[in-house]
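When reading the values below, keep in mind they use all heavy atoms of this one structure, side chains included, and skip hydrogens, waters and symmetry mates. One-based numbering along the sequence shown.
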Amino acid sequence: MFYITDDIKYVGVDDLDLDLFEGQYKVPNGVSYNSYVCFDKKRAVFDTVDDRKTDEWLKNLNVALSGATPDYLIVSHVEPDHSASIPAFLKAYPSATVVGNEKTFLLIKRFYGDIASNKLTVSEGDELNLGKHVLTFAFAPMVHWPEVMATYDKTDCVLFSADAFGKFGALSHNEPWLDEARRYYINIVGKYGNPVQSVLKKVSALKINAICPLHGPVLNENLDYYIEKYALWSSYTPEEDGVFIAFASIYGNTASTAQKLAQELEKRGIKVELADLARSDIAWAVAQAFKYSKLVVASITYDAGVMPCAEAFINKLKTKNYSNRKVAFIQNGSWAPVSAKLMRSAFESFKNITFCNTTVTVNSALDGLAQTQVLSLADELAD
(Lines give C-alpha, C1' and ligand atoms only; values in the text may rest on other atoms or scores of the structure.)
Protein backbone atom coordinates (compact mmCIF):
# COMPACT_ATOMS: atom_id res chain seq x y z
CA MET A 1 0.00 0.00 0.00
CA PHE A 2 1.16 3.53 -0.70
CA TYR A 3 -0.17 7.06 -1.01
CA ILE A 4 -0.66 8.60 -4.45
CA THR A 5 -1.71 11.96 -3.01
CA ASP A 6 -2.28 13.05 0.58
CA ASP A 7 -5.84 11.67 0.38
CA ILE A 8 -5.64 8.84 -2.16
CA LYS A 9 -4.09 5.49 -1.29
CA TYR A 10 -3.30 2.38 -3.33
CA VAL A 11 -4.73 -0.80 -1.78
CA GLY A 12 -4.40 -3.24 -4.70
CA VAL A 13 -2.66 -6.60 -4.81
CA ASP A 14 -0.19 -8.49 -6.99
CA ASP A 15 -0.95 -11.90 -8.45
CA LEU A 16 2.32 -13.74 -9.06
CA ASP A 17 0.76 -17.17 -9.51
CA LEU A 18 -1.43 -16.47 -12.53
CA ASP A 19 -0.14 -18.21 -15.65
CA LEU A 20 -2.63 -16.97 -18.26
CA PHE A 21 -4.39 -13.60 -18.15
CA GLU A 22 -7.93 -13.84 -19.56
CA GLY A 23 -7.18 -17.52 -20.08
CA GLN A 24 -4.83 -16.87 -23.01
CA TYR A 25 -2.11 -14.27 -22.42
CA LYS A 26 1.12 -15.37 -20.75
CA VAL A 27 2.08 -13.26 -17.76
CA PRO A 28 5.50 -14.52 -16.60
CA ASN A 29 5.82 -11.57 -14.24
CA GLY A 30 2.27 -11.83 -12.95
CA VAL A 31 -0.27 -9.02 -12.93
CA SER A 32 -1.57 -6.44 -10.49
CA TYR A 33 -5.22 -5.86 -9.60
CA ASN A 34 -5.41 -2.22 -8.67
CA SER A 35 -7.77 -0.65 -6.18
CA TYR A 36 -7.70 2.76 -4.53
CA VAL A 37 -9.28 4.66 -1.63
CA CYS A 38 -9.99 8.38 -1.46
CA PHE A 39 -10.23 9.65 2.14
CA ASP A 40 -12.53 12.61 2.78
CA LYS A 41 -15.69 13.36 4.76
CA LYS A 42 -17.02 10.49 2.71
CA ARG A 43 -14.67 7.67 1.73
CA ALA A 44 -14.72 6.19 -1.75
CA VAL A 45 -13.18 2.87 -2.81
CA PHE A 46 -12.31 2.52 -6.47
CA ASP A 47 -12.89 -1.03 -7.77
CA THR A 48 -12.29 -4.42 -6.24
CA VAL A 49 -10.02 -7.29 -7.36
CA ASP A 50 -10.11 -10.79 -8.81
CA ASP A 51 -11.54 -13.40 -6.44
CA ARG A 52 -8.13 -15.07 -6.40
CA LYS A 53 -7.01 -12.22 -4.17
CA THR A 54 -10.18 -11.20 -2.30
CA ASP A 55 -8.90 -11.96 1.19
CA GLU A 56 -5.59 -10.15 0.68
CA TRP A 57 -7.35 -7.13 -0.78
CA LEU A 58 -9.92 -6.91 2.03
CA LYS A 59 -7.06 -7.05 4.52
CA ASN A 60 -5.31 -4.16 2.72
CA LEU A 61 -8.55 -2.21 2.62
CA ASN A 62 -9.28 -2.81 6.30
CA VAL A 63 -5.80 -1.66 7.32
CA ALA A 64 -6.08 1.45 5.14
CA LEU A 65 -9.50 2.35 6.54
CA SER A 66 -8.31 1.88 10.16
CA GLY A 67 -11.74 0.89 11.32
CA ALA A 68 -13.64 3.45 9.25
CA THR A 69 -16.47 2.46 6.94
CA PRO A 70 -16.37 3.25 3.21
CA ASP A 71 -19.30 5.27 1.91
CA TYR A 72 -18.97 4.42 -1.78
CA LEU A 73 -17.66 1.69 -4.04
CA ILE A 74 -17.07 3.08 -7.52
CA VAL A 75 -17.13 0.37 -10.18
CA SER A 76 -15.18 1.39 -13.27
CA HIS A 77 -15.33 -1.98 -15.01
CA VAL A 78 -17.29 -5.17 -14.32
CA GLU A 79 -14.83 -7.65 -15.84
CA PRO A 80 -14.36 -10.22 -13.06
CA ASP A 81 -10.69 -9.44 -12.43
CA HIS A 82 -11.98 -6.12 -11.07
CA SER A 83 -15.47 -6.94 -9.83
CA ALA A 84 -15.35 -10.47 -8.41
CA SER A 85 -14.76 -9.18 -4.89
CA ILE A 86 -17.86 -6.95 -4.89
CA PRO A 87 -19.97 -9.57 -3.05
CA ALA A 88 -17.32 -9.92 -0.33
CA PHE A 89 -16.97 -6.13 -0.08
CA LEU A 90 -20.73 -5.68 0.39
CA LYS A 91 -20.79 -8.43 2.99
CA ALA A 92 -18.04 -6.61 4.92
CA TYR A 93 -19.51 -3.12 4.35
CA PRO A 94 -23.26 -3.53 3.73
CA SER A 95 -24.03 0.17 4.14
CA ALA A 96 -21.74 1.23 1.26
CA THR A 97 -23.34 2.64 -1.89
CA VAL A 98 -22.26 1.10 -5.16
CA VAL A 99 -21.67 3.71 -7.88
CA GLY A 100 -21.97 2.84 -11.55
CA ASN A 101 -23.95 3.45 -14.70
CA GLU A 102 -26.98 1.55 -15.98
CA LYS A 103 -24.85 -0.99 -17.85
CA THR A 104 -22.65 -1.43 -14.77
CA PHE A 105 -25.58 -2.67 -12.73
CA LEU A 106 -26.92 -4.82 -15.56
CA LEU A 107 -23.60 -6.68 -15.74
CA ILE A 108 -23.19 -6.90 -11.97
CA LYS A 109 -26.61 -8.55 -11.78
CA ARG A 110 -25.67 -11.02 -14.52
CA PHE A 111 -22.47 -12.02 -12.75
CA TYR A 112 -23.46 -11.87 -9.08
CA GLY A 113 -27.21 -11.38 -8.83
CA ASP A 114 -29.00 -8.35 -7.42
CA ILE A 115 -26.53 -7.85 -4.58
CA ALA A 116 -26.33 -4.05 -4.35
CA SER A 117 -29.09 -2.79 -2.08
CA ASN A 118 -27.68 0.76 -2.14
CA LYS A 119 -27.06 2.00 -5.68
CA LEU A 120 -26.16 5.32 -7.23
CA THR A 121 -26.62 5.34 -10.99
CA VAL A 122 -24.55 8.06 -12.68
CA SER A 123 -24.53 9.53 -16.15
CA GLU A 124 -21.82 11.15 -18.25
CA GLY A 125 -20.54 14.28 -16.53
CA ASP A 126 -22.27 13.69 -13.21
CA GLU A 127 -20.42 14.74 -10.08
CA LEU A 128 -20.07 13.09 -6.67
CA ASN A 129 -19.01 15.33 -3.79
CA LEU A 130 -16.99 13.59 -1.08
CA GLY A 131 -16.30 16.79 0.85
CA LYS A 132 -13.09 18.38 -0.37
CA HIS A 133 -12.87 16.02 -3.33
CA VAL A 134 -15.27 16.23 -6.25
CA LEU A 135 -15.44 13.26 -8.61
CA THR A 136 -16.79 13.44 -12.13
CA PHE A 137 -17.56 10.53 -14.44
CA ALA A 138 -16.54 10.13 -18.07
CA PHE A 139 -17.96 7.14 -19.92
CA ALA A 140 -15.57 5.02 -21.98
CA PRO A 141 -17.82 2.49 -23.74
CA MET A 142 -15.96 -0.35 -25.49
CA VAL A 143 -12.65 0.46 -23.85
CA HIS A 144 -12.96 -2.44 -23.81
CA TRP A 145 -16.41 -3.37 -22.38
CA PRO A 146 -19.63 -1.38 -22.87
CA GLU A 147 -20.06 -0.27 -19.23
CA VAL A 148 -16.53 1.10 -18.70
CA MET A 149 -16.21 4.55 -17.19
CA ALA A 150 -13.34 6.66 -15.97
CA THR A 151 -13.49 8.80 -12.86
CA TYR A 152 -11.70 12.12 -12.51
CA ASP A 153 -10.89 13.66 -9.14
CA LYS A 154 -11.16 17.38 -9.84
CA THR A 155 -9.43 18.25 -6.57
CA ASP A 156 -6.17 16.32 -6.91
CA CYS A 157 -6.40 16.03 -10.72
CA VAL A 158 -6.20 12.24 -10.66
CA LEU A 159 -7.68 10.13 -13.45
CA PHE A 160 -8.93 6.66 -12.53
CA SER A 161 -8.67 5.24 -16.02
CA ALA A 162 -10.15 1.71 -15.74
CA ASP A 163 -8.21 -0.66 -18.04
CA ALA A 164 -6.76 2.19 -20.09
CA PHE A 165 -3.02 2.77 -19.52
CA GLY A 166 -2.68 -0.64 -17.89
CA LYS A 167 0.03 -3.22 -18.42
CA PHE A 168 0.93 -6.81 -17.68
CA GLY A 169 3.31 -7.46 -14.80
CA ALA A 170 3.00 -7.30 -11.02
CA LEU A 171 4.01 -4.03 -9.38
CA SER A 172 6.65 -5.85 -7.34
CA HIS A 173 8.59 -6.56 -10.54
CA ASN A 174 8.99 -2.85 -11.29
CA GLU A 175 9.79 -3.54 -14.94
CA PRO A 176 9.86 -0.96 -17.78
CA TRP A 177 6.38 0.12 -18.85
CA LEU A 178 6.44 0.18 -22.64
CA ASP A 179 6.76 -3.39 -23.93
CA GLU A 180 4.28 -4.98 -21.56
CA ALA A 181 1.91 -2.00 -21.85
CA ARG A 182 1.99 -2.36 -25.64
CA ARG A 183 1.39 -6.12 -25.44
CA TYR A 184 -1.48 -5.46 -23.02
CA TYR A 185 -3.07 -2.69 -25.08
CA ILE A 186 -2.84 -4.33 -28.51
CA ASN A 187 -4.20 -7.66 -27.32
CA ILE A 188 -6.77 -6.51 -24.78
CA VAL A 189 -7.99 -3.15 -26.09
CA GLY A 190 -6.50 -2.94 -29.59
CA LYS A 191 -9.67 -3.73 -31.53
CA TYR A 192 -11.36 -0.63 -30.14
CA GLY A 193 -9.21 2.17 -31.52
CA ASN A 194 -12.04 4.61 -32.26
CA PRO A 195 -13.52 4.43 -28.73
CA VAL A 196 -10.04 4.97 -27.29
CA GLN A 197 -9.61 8.02 -29.50
CA SER A 198 -12.89 9.40 -28.15
CA VAL A 199 -11.71 8.97 -24.58
CA LEU A 200 -8.38 10.62 -25.38
CA LYS A 201 -10.29 13.67 -26.60
CA LYS A 202 -12.05 13.88 -23.25
CA VAL A 203 -8.75 13.42 -21.40
CA SER A 204 -7.05 16.17 -23.42
CA ALA A 205 -9.27 18.76 -21.78
CA LEU A 206 -8.26 17.77 -18.25
CA LYS A 207 -5.35 18.73 -16.06
CA ILE A 208 -3.92 15.39 -14.94
CA ASN A 209 -1.31 14.90 -12.24
CA ALA A 210 -1.62 11.11 -12.04
CA ILE A 211 -3.24 8.26 -13.95
CA CYS A 212 -4.45 5.32 -11.85
CA PRO A 213 -5.15 2.28 -14.07
CA LEU A 214 -6.63 -1.05 -13.01
CA HIS A 215 -3.44 -2.93 -13.92
CA GLY A 216 0.16 -1.81 -13.73
CA PRO A 217 1.86 1.16 -12.10
CA VAL A 218 0.37 4.51 -11.21
CA LEU A 219 1.64 7.00 -13.77
CA ASN A 220 2.59 10.37 -12.33
CA GLU A 221 5.51 11.59 -14.46
CA ASN A 222 5.92 12.35 -18.18
CA LEU A 223 2.22 11.78 -18.76
CA ASP A 224 2.44 13.17 -22.29
CA TYR A 225 4.62 10.17 -23.18
CA TYR A 226 1.96 7.64 -22.16
CA ILE A 227 -0.86 9.58 -23.78
CA GLU A 228 1.16 9.87 -27.00
CA LYS A 229 1.64 6.07 -27.07
CA TYR A 230 -2.09 5.57 -26.67
CA ALA A 231 -2.75 8.07 -29.45
CA LEU A 232 -0.44 6.10 -31.78
CA TRP A 233 -1.77 2.68 -30.83
CA SER A 234 -5.44 3.65 -31.06
CA SER A 235 -4.99 5.34 -34.45
CA TYR A 236 -3.11 2.27 -35.76
CA THR A 237 -0.07 4.41 -36.47
CA PRO A 238 3.33 2.65 -36.37
CA GLU A 239 5.59 3.62 -33.50
CA GLU A 240 8.79 2.99 -35.45
CA ASP A 241 9.93 2.83 -39.06
CA GLY A 242 11.24 -0.70 -39.38
CA VAL A 243 10.43 -4.25 -40.41
CA PHE A 244 9.03 -7.07 -38.33
CA ILE A 245 9.63 -10.51 -39.87
CA ALA A 246 7.40 -13.29 -38.56
CA PHE A 247 8.27 -16.74 -39.88
CA ALA A 248 6.89 -20.27 -39.65
CA SER A 249 9.41 -22.92 -40.63
CA ILE A 250 9.59 -26.72 -40.42
CA TYR A 251 13.10 -27.78 -41.42
CA GLY A 252 14.81 -24.40 -41.16
CA ASN A 253 14.85 -23.28 -44.79
CA THR A 254 12.06 -20.72 -44.39
CA ALA A 255 13.73 -19.51 -41.19
CA SER A 256 17.11 -19.12 -42.91
CA THR A 257 15.46 -17.14 -45.72
CA ALA A 258 13.84 -14.81 -43.18
CA GLN A 259 17.20 -14.39 -41.45
CA LYS A 260 18.88 -13.64 -44.79
CA LEU A 261 16.32 -10.91 -45.44
CA ALA A 262 16.95 -9.49 -41.98
CA GLN A 263 20.69 -9.35 -42.66
CA GLU A 264 20.13 -7.54 -45.94
CA LEU A 265 17.82 -5.03 -44.30
CA GLU A 266 20.36 -4.34 -41.57
CA LYS A 267 23.00 -3.72 -44.27
CA ARG A 268 20.66 -1.05 -45.64
CA GLY A 269 20.33 0.59 -42.22
CA ILE A 270 16.80 -0.65 -41.57
CA LYS A 271 15.73 -1.63 -38.07
CA VAL A 272 14.49 -5.22 -38.14
CA GLU A 273 13.16 -7.75 -35.65
CA LEU A 274 12.34 -11.45 -36.16
CA ALA A 275 9.98 -13.89 -34.51
CA ASP A 276 9.64 -17.64 -34.84
CA LEU A 277 5.87 -17.98 -34.76
CA ALA A 278 6.02 -21.61 -33.67
CA ARG A 279 7.93 -20.67 -30.51
CA SER A 280 7.15 -17.03 -29.79
CA ASP A 281 4.31 -15.81 -27.62
CA ILE A 282 1.70 -14.88 -30.23
CA ALA A 283 0.50 -11.91 -28.16
CA TRP A 284 4.05 -10.52 -28.19
CA ALA A 285 4.37 -11.15 -31.94
CA VAL A 286 1.11 -9.34 -32.63
CA ALA A 287 2.23 -6.38 -30.52
CA GLN A 288 5.57 -6.21 -32.36
CA ALA A 289 3.77 -6.24 -35.71
CA PHE A 290 1.86 -3.15 -34.56
CA LYS A 291 5.08 -1.52 -33.39
CA TYR A 292 6.71 -1.39 -36.82
CA SER A 293 5.71 0.20 -40.12
CA LYS A 294 6.35 -2.89 -42.25
CA LEU A 295 5.67 -6.59 -41.87
CA VAL A 296 7.00 -9.68 -43.62
CA VAL A 297 5.21 -12.97 -43.03
CA ALA A 298 7.13 -16.07 -44.09
CA SER A 299 5.44 -19.45 -44.14
CA ILE A 300 5.95 -22.92 -45.49
CA THR A 301 3.08 -24.29 -47.56
CA TYR A 302 1.45 -26.86 -45.29
CA ASP A 303 -1.42 -29.15 -46.32
CA ALA A 304 -1.98 -26.86 -49.32
CA GLY A 305 -2.40 -23.99 -46.90
CA VAL A 306 -0.50 -21.78 -44.48
CA MET A 307 1.43 -23.12 -41.49
CA PRO A 308 -1.10 -23.13 -38.60
CA CYS A 309 0.94 -20.84 -36.35
CA ALA A 310 1.25 -18.28 -39.19
CA GLU A 311 -2.45 -18.55 -39.93
CA ALA A 312 -3.26 -17.95 -36.26
CA PHE A 313 -0.95 -14.92 -36.24
CA ILE A 314 -2.67 -13.41 -39.28
CA ASN A 315 -6.12 -14.07 -37.83
CA LYS A 316 -5.12 -12.38 -34.58
CA LEU A 317 -3.86 -9.33 -36.50
CA LYS A 318 -7.21 -9.08 -38.26
CA THR A 319 -9.10 -9.34 -34.98
CA LYS A 320 -7.09 -6.40 -33.62
CA ASN A 321 -7.69 -4.23 -36.74
CA TYR A 322 -4.12 -4.29 -38.03
CA SER A 323 -3.91 -1.55 -40.67
CA ASN A 324 -1.86 1.28 -42.19
CA ARG A 325 1.21 -0.86 -42.89
CA LYS A 326 3.22 -2.29 -45.77
CA VAL A 327 3.23 -6.10 -45.98
CA ALA A 328 5.36 -8.63 -47.87
CA PHE A 329 5.53 -12.42 -48.05
CA ILE A 330 8.01 -15.25 -48.21
CA GLN A 331 6.65 -18.65 -49.19
CA ASN A 332 8.20 -22.09 -49.34
CA GLY A 333 7.00 -25.26 -51.01
CA SER A 334 8.78 -28.26 -52.45
CA TRP A 335 6.21 -28.90 -55.21
CA ALA A 336 3.26 -26.46 -54.99
CA PRO A 337 3.97 -23.28 -52.99
CA VAL A 338 0.70 -21.42 -52.39
CA SER A 339 1.15 -19.88 -48.94
CA ALA A 340 1.94 -16.37 -50.24
CA LYS A 341 -1.23 -16.29 -52.33
CA LEU A 342 -3.31 -17.39 -49.36
CA MET A 343 -1.66 -14.96 -46.95
CA ARG A 344 -2.14 -12.06 -49.35
CA SER A 345 -5.78 -13.00 -49.78
CA ALA A 346 -6.20 -12.80 -46.01
CA PHE A 347 -4.52 -9.39 -45.77
CA GLU A 348 -6.60 -8.00 -48.62
CA SER A 349 -9.53 -7.88 -46.18
CA PHE A 350 -7.53 -5.61 -43.84
CA LYS A 351 -7.77 -1.83 -43.98
CA ASN A 352 -5.18 0.32 -45.73
CA ILE A 353 -2.55 -2.35 -46.38
CA THR A 354 0.06 -1.76 -49.08
CA PHE A 355 1.74 -4.83 -50.56
CA CYS A 356 5.31 -5.11 -51.73
CA ASN A 357 5.71 -6.06 -55.39
CA THR A 358 8.30 -8.71 -54.59
CA THR A 359 7.33 -12.09 -53.15
CA VAL A 360 10.13 -14.46 -52.25
CA THR A 361 9.49 -18.06 -53.31
CA VAL A 362 11.71 -20.79 -51.91
CA ASN A 363 11.48 -24.18 -53.55
CA SER A 364 12.64 -26.39 -50.66
CA ALA A 365 15.93 -24.56 -49.99
CA LEU A 366 17.27 -21.09 -50.67
CA ASP A 367 18.77 -21.03 -54.19
CA GLY A 368 20.15 -18.35 -56.49
CA LEU A 369 16.76 -17.19 -57.76
CA ALA A 370 15.32 -16.94 -54.27
CA GLN A 371 18.40 -15.03 -53.07
CA THR A 372 17.89 -12.54 -55.88
CA GLN A 373 14.29 -12.11 -54.75
CA VAL A 374 15.48 -11.55 -51.17
CA LEU A 375 17.76 -8.75 -52.36
CA SER A 376 14.95 -7.23 -54.38
CA LEU A 377 12.57 -7.37 -51.42
CA ALA A 378 15.18 -5.84 -49.13
CA ASP A 379 15.58 -2.93 -51.55
CA GLU A 380 11.83 -2.46 -51.75
CA LEU A 381 11.38 -2.51 -47.99
CA ALA A 382 14.27 -0.10 -47.53
CA ASP A 383 12.79 2.36 -50.01
Hey, does the side chain of T319 reach the backbone of N315 with a donor-acceptor pair shorter than 3.5 angstrom?
->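 Yes; judged by distance alone, with no hydrogens or angles, the pair exists.
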
Side chain to side chain contact (heavy atoms under 4.5 Å, CB included) evaluation trace for Q371 with L366 = CA-CA 7 Å; Q371 290 196 49; L366 189 64; 3.6 Å; yes

Matching residue for Y10 among W57, F2, Y33 - test: ring pair (Phe, Tyr, Trp, His ring centres under 6.0 Å) |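 Result for ring pair (Phe, Tyr, Trp, His ring centres under 6.0 Å) with Y10: F2.
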
Residue pair [X] / [Y], side-chain heavy-atom distance below 4.5 Å:
X    : Y    : answer
L377 : C356 : yes
C212 : I4   : yes
E239 : R182 : yes
L232 : F290 : no

Start with the C-alpha distance between I227 and F165, add both sets of side-chain angles, then the distance that settles side chain to side chain contact (heavy atoms under 4.5 Å, CB included), and finish with yes or no.
-> CA-CA 8 Å; I227 293 171; F165 299 99; 4.1 Å; yes

Would you tabulate the side-chain donor-acceptor contacts of residues 85-99 under 3.5 Å, counting partners in other chains and residues two or more places apart, or write 'none'?
| residue | atom | partner | partner atom | Å |
| --- | --- | --- | --- | --- |
| S85 | OG | V49 | O | 2.9 |
| S85 | OG | T54 | OG1 | 2.6 |

Under the side chain to side chain contact (heavy atoms under 4.5 Å, CB included) criterion, do E124 and F137 qualify, and how do the steps go?
-> CA-CA 6 Å; E124 174 82 28; F137 303 98; over 6 Å; no

Would you confirm whether the ring centroid of H215 sits within less than 6.0 angstrom of the ring centroid of Y184?
->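 Y184 vs H215: aromatic centres under 6.0 Å.
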
Cation-pi check, K26 onto F21 ring (under 6.0 Å, within 45° of axis) =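 Not flagged: K26 not positioned over aromatic ring of F21.
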
Within one Ile-Leu-Val-Met-Phe-Trp-Tyr cluster: F160 and L130, side-chain cutoff 4.5 Å |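 Yes.
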
Presence of salt bridge, D114 and K119, under 4.0 angstrom |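 The answer is yes: the pair qualifies as a salt bridge.
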
Is the shortest side-chain N to carboxylate O distance from D281 to R183 below 4.0 Å?
->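 Salt bridge between D281 and R183, a charged N being under 4.0 Å from a carboxylate O: yes.
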
Side chains of D7 and T5: is there a donor and an acceptor less than 3.5 Å apart?
->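 No pair is found: no donor N or O on one side chain lies under 3.5 Å from an acceptor on the other.
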
